[in-house]
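This report concerns only the one structure given below.
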Number of protein chains: 2
Amino acid sequence: MIDREFFLGFVKIHILYHAIKEPIYGVEIMRELARHGYDLSPGTLYPTLHRMERDGYLVSRREVVEGKARKYYRATDVGVRMLEQSKKQIMELVREVVDEK
Amino acid sequence: MIDREFFLGFVKIHILYHAIKEPIYGVEIMRELARHGYDLSPGTLYPTLHRMERDGYLVSRREVVEGKARKYYRATDVGVRMLEQSKKQIMELVREVVDEK
DNA sequence: GGATATAATATCGCAAAACGATATCGGGCA
DNA sequence: TGCCCGATATCGTTTTGCGATATTATATCC
């Protein structure tokens, strides 16, 4: 994947965004992120999800779907606010480095 | 500062951008970043600059200005290409999470 | 010309995150 | 019960992040 040092924050914002729209689980997120060019290994993704839950951005619940135990994450209010702030920072970045004022 | 885990990549992109426009030095970058809400300590900034140079995004040269030894950084071709890719990723992120398609 | 002031950069030491690889879990079904 | 398989978790090591502190280099003043 494209240099993680620059883009791992993007990945976390993607995760937040999807976890607000609907409950998501690990493997599904990995596929979704891969669609955007972010190929994370489980050794990166799962600890990231755990941290985001520990820090209050996400909450999880177990669920069995088609005989498989999944862990669905959804965003908390804190997570929603974090995404709002992220959007502001993104647009600030766009104005500065993309828009070539 | 606003949760670094999400935004440290933004900081690096800012640095690249400025180092393309003109040579920049540490303290100046810190002030510039502070303008955007990113308050880094030198213990974070300088190792970051060193890494970006080690990884080929920046090159530095010493210079004495008004009796003070500064280390000016400017972006390499690799750095320029990295910023181009960053812009693409930024706009991709905007389409996904900001534009609310 | 040695001491001092000051802007600027560098490092230290610890804690936390990142990561690929590997292991483990848990439910259905033969 | 044993096995398969989607899915999650952990292990061990390297790298990064960070505040605090130290060091460097130049000019100025006595």
Side-chain angles (χ1 to χ4, degrees), chain A residues 1-16 18-19 22-34 37-74 82, chain B residues 1-16 18-19 22-34 37-74 82:
Chain A
M1 129 169 178
I2 33 193
D3 197 326
R4 287 174 153 107
E5 165 177 23
F6 288 85
F7 300 122
L8 211 48
F10 288 29
V11 164
K12 291 173 187 174
I13 293 172
H14 265 290
I15 291 173
L16 265 188
H18 286 290
E22 67 205 326
I24 49 176
Y25 67 100
V27 170
E28 180 185 22
I29 297 179
M30 287 187 60
R31 279 192 293 261
E32 175 64 23
L33 290 173
Y38 304 114
D39 289 307
L40 301 192
S41 84
T44 300
L45 180 68
Y46 287 108
T48 294
L49 291 173
H50 297 167
R51 266 197 308 283
M52 290 178 71
E53 180 164 30
R54 180 202 67 193
D55 296 342
Y57 300 117
L58 304 175
V59 287
S60 65
R61 74 165 191 281
R62 282 186 84 264
E63 190 161 333
V64 176
V65 178
E66 292 169 16
K68 299 300 161 195
R70 295 176 180 173
K71 198 162 164 184
Y72 278 94
Y73 290 87
R74 64 177 200 282
M82 189 66 216
Chain B
M1 129 168 180
I2 34 192
D3 198 326
R4 285 173 154 109
E5 163 177 26
F6 288 85
F7 300 121
L8 210 48
F10 287 29
V11 165
K12 292 172 187 173
I13 293 171
H14 266 289
I15 291 173
L16 264 188
H18 286 290
E22 66 204 328
I24 49 174
Y25 67 99
V27 170
E28 179 185 21
I29 297 180
M30 286 186 61
R31 280 193 291 259
E32 175 64 24
L33 290 172
Y38 303 114
D39 289 307
L40 301 193
S41 87
T44 300
L45 180 68
Y46 287 107
T48 294
L49 291 173
H50 298 167
R51 268 198 308 282
M52 290 178 71
E53 180 164 30
R54 181 200 68 194
D55 296 342
Y57 300 117
L58 303 176
V59 287
S60 65
R61 75 167 189 280
R62 281 188 84 259
E63 192 162 333
V64 175
V65 178
E66 292 169 14
K68 299 302 161 194
R70 295 177 180 171
K71 198 163 165 185
Y72 277 93
Y73 290 87
R74 65 177 200 281
M82 189 66 217

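Naming: A, B, ... by sequence-line order, numbering from 1 per chain.
- One distance of note links CZ of B/Arg4 with CZ of B/Phe10; it measures 15.0 Å at 0.5 Å rounding.
- With a heavy-atom cut-off of 4.0 Å to chain B, the contacted part of DNA chain D has its first and last nucleotide at D/dT16 to D/dA27.
- With rounding to the nearest 0.5 angstrom, the CD atom of B/Glu53 is 5.5 Å from the NZ atom of B/Lys71.
- Between the CZ atom of A/Phe7 and the P atom of C/dA18 there is a distance of 16 Å, given to the nearest Å.
- Here the CG-NZ distance, from B/Leu58 to B/Lys12, works out to 11.5 Å after rounding to the nearest 0.5 Å.
- Below 30°, between 30° and 60°, or above 60°: for A/Phe7 and A/Tyr38 the angle between ring planes is between 30° and 60°, a tilted geometry.
- Along DNA chain C, the nucleotide nearest A/Val64 and the nucleotide nearest A/Arg51 are compared for position; the residue whose nucleotide lies closer to the 5' end is A/Arg51.
- Between the CG atom of B/Asp39 and the CZ atom of B/Arg31 there is a distance of 13.5 Å, given to the nearest 0.5 Å.
- Distance CE/A/Met30 to CD1/A/Ile15: 10.5 Å, rounded to 0.5 Å.
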Annotated protein contacts, base or backbone, on nucleotides 6-15 of chain C with a non-hydrogen cut-off under 4.0 Å, one of B, S, - each: BSSBBB----
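- Regarding A/Arg62, its CZ atom lies at a distance of 9 Å from the C1' atom of C/dC25, rounded to whole Å.
- B/Leu45 places none of its side-chain heavy atoms less than 4.5 Å from the side chain of B/Val11.
- Side chains of A/Arg70 and A/Tyr72: a donor on one and an acceptor on the other come within 3.5 Å.
- Two residues, A/Glu66 and A/Asp55, neighbour DNA chain C, and the one matched to the more 5' nucleotide by heavy-atom proximity is A/Asp55.
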